[in-house]
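Heads up, the thing below is written out as structure tokens.
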2 protein chains.
Amino acid sequence: MSEGVEWALHSCLNLAWIGPGRAVTAARLAAYHELPAAYLNKRLQALARAGIVTSVSGPKGGFRLARALDRITLMDVVTAIEGPDEAFRCTEIRQQGPGAGHPRTYAAECAVAGAMGRAELAWRRELAAQTLDDVRQRAELQAPTAPERLRRWFANA
Amino acid sequence: MSEGVEWALHSCLNLAWIGPGRAVTAARLAAYHELPAAYLNKRLQALARAGIVTSVSGPKGGFRLARALDRITLMDVVTAIEGPDEAFRCTEIRQQGPGAGHPRTYAAECAVAGAMGRAELAWRRELAAQTLDDVRQRAELQAPTAPERLRRWFANA
DNA sequence: GTAGATCTACTCGGATACGTAGTGTCCGAGTATTGTCGG
DNA sequence: CCGACAATACTCGGACACTACGTATCCGAGTAGATCTAC
């Protein structure tokens, strides 16, 4: 899985902690975790295309959350970064070569693909069941002082 | 996800349908689905290292299943091909840069990693819950004539 | 003093290189078969 | 005729190239604010 997913998730949480008052630039978000700024910007663009964050150009521009954390699921973020394709994609090798039978035989889904698809469905269900707000709550339980420290840092300069 | 997973799963099913009587060469298994023989061989080696199939060299050599299909889970095959690493790996960016606080703060697992880990656990559970025999049964229901056709083809030459 | 236009500085957005991991291929190590030789 | 031995052909196993995607970067398009000018 792409490393950008982790960056996107943390950036969304950071945006929420900063508050909806103002937009935050990609460079500033990147600096907070020492990430390559231009590359994080690229990923934030993906979030913008997916409607998870909104972006404005120019001075005082930057990114901000498009909606509340409890209306953003992990699935939304993963899909925005990784794309909509399934991890396991069936190439229908059962229909290739001497093993291929009547085309009518292959009306039903490949049993292998079906089994892998069930597992991936379980993954996606779990991702869709968890919102970023759930993650935020757990994070605040673990490190109650982190949000305030973050706000302090982003307020400076 | 690697394409070799699909090849490995189908190859295991094919080995089961052929029967435990004799070993089958990678070249023959590859030809049945028009796959690159040398590359499939490489993947079958991974299955052999994982103890899913056994391999013998020389004439009349080849691969055969190391145990019955109902004792091989999808998880076994995926782990053998893809490796044991998790898809989402936390790089602990929360500890990098100005955002880092006291090291003691990070005793607990990263909330983001935890959430992603729960989803991946659901995926792995589903993979471990399904055996190749389950897949075989569904495949035979969909295409009852396929196994016999396969045996016929592998018997020739 | 104020309104308007212009100019500037700053940010996102997409087009452009680089690196690594997956994909594909090749040749050597090892073994069962087969043919041959000796008893 | 039978057994042992050597030659042989065939297969797995790992080492060696190629390709594609993810990673990283840079410069242009667009905008909000500041500055300057004219009234």
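Chain naming here is simple, since letters A, B, ... match the order of the sequence lines and numbering starts at 1 in each.
Atom-to-atom, CG of A/L15 to P of C/dC12 comes out at 11 Å; the value is rounded to the nearest Å. The distance between atom CG of A/L44 and atom P of C/dG14, rounded to the nearest whole Å, is 13 Å. If you measure from atom CG of B/L47 to atom C1' of D/dC12, you get 14 Å, rounded to the nearest angstrom. Rounded to whole Å, atom P of D/dT23 lies 13 Å from atom CD1 of B/I93.
Few gaps surround CZ on B/R67; more than 12 heavy atoms of other groups in view lie less than 6.0 Å from it.
Residue A/R49 places at least one side-chain N or O under 4.0 Å from the OP1 or OP2 atom of C/dG14. Contact between the side-chain N/O atoms of A/R28 and the OP1/OP2 oxygens of C/dC12 is not found at any separation under 4.0 Å. In terms of phosphate contacts, A/S55 brings no side-chain nitrogen or oxygen within less than 4.0 Å of OP1 or OP2 of C/dT11.
Of the charged side-chain nitrogens involved, at least one lies within less than 4.0 Å of a carboxylate oxygen, so that A/R151 and A/E148 count as a salt-bridged pair. Using a 4.0 Å cut-off between charged nitrogen and carboxylate oxygen, B/E126 and B/R124 do not count as a salt-bridge pair.
Checked by atom type and distance alone, the side chain of B/S2 never pairs as donor or acceptor with a backbone atom of B/V5 at under 3.5 Å.
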Nucleotide by nucleotide, nucleotides 21-30 of chain C touches protein heavy atoms under 4.0 Å in the pattern (B base, S sugar-phosphate only, - none) --BBBB---B
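Listed by first then second residue, pairs satisfying side chain to side chain donor-acceptor pair (under 3.5 Å) with a partner in residues 135-144 of chain B read B/W17-B/E140, B/D133-B/R136, B/D133-B/Q137, B/R136-B/E140, not counting sequence neighbours. For residues 31-42 of chain A, every residue pair satisfying the side chain to side chain donor-acceptor pair (under 3.5 Å) rule, not counting sequence neighbours, is listed here: A/N14-A/H33, A/Y39-A/R43.
Counting non-hydrogen atoms under 4.0 angstrom, B/A26 reaches the backbone sugars and phosphates but no base.
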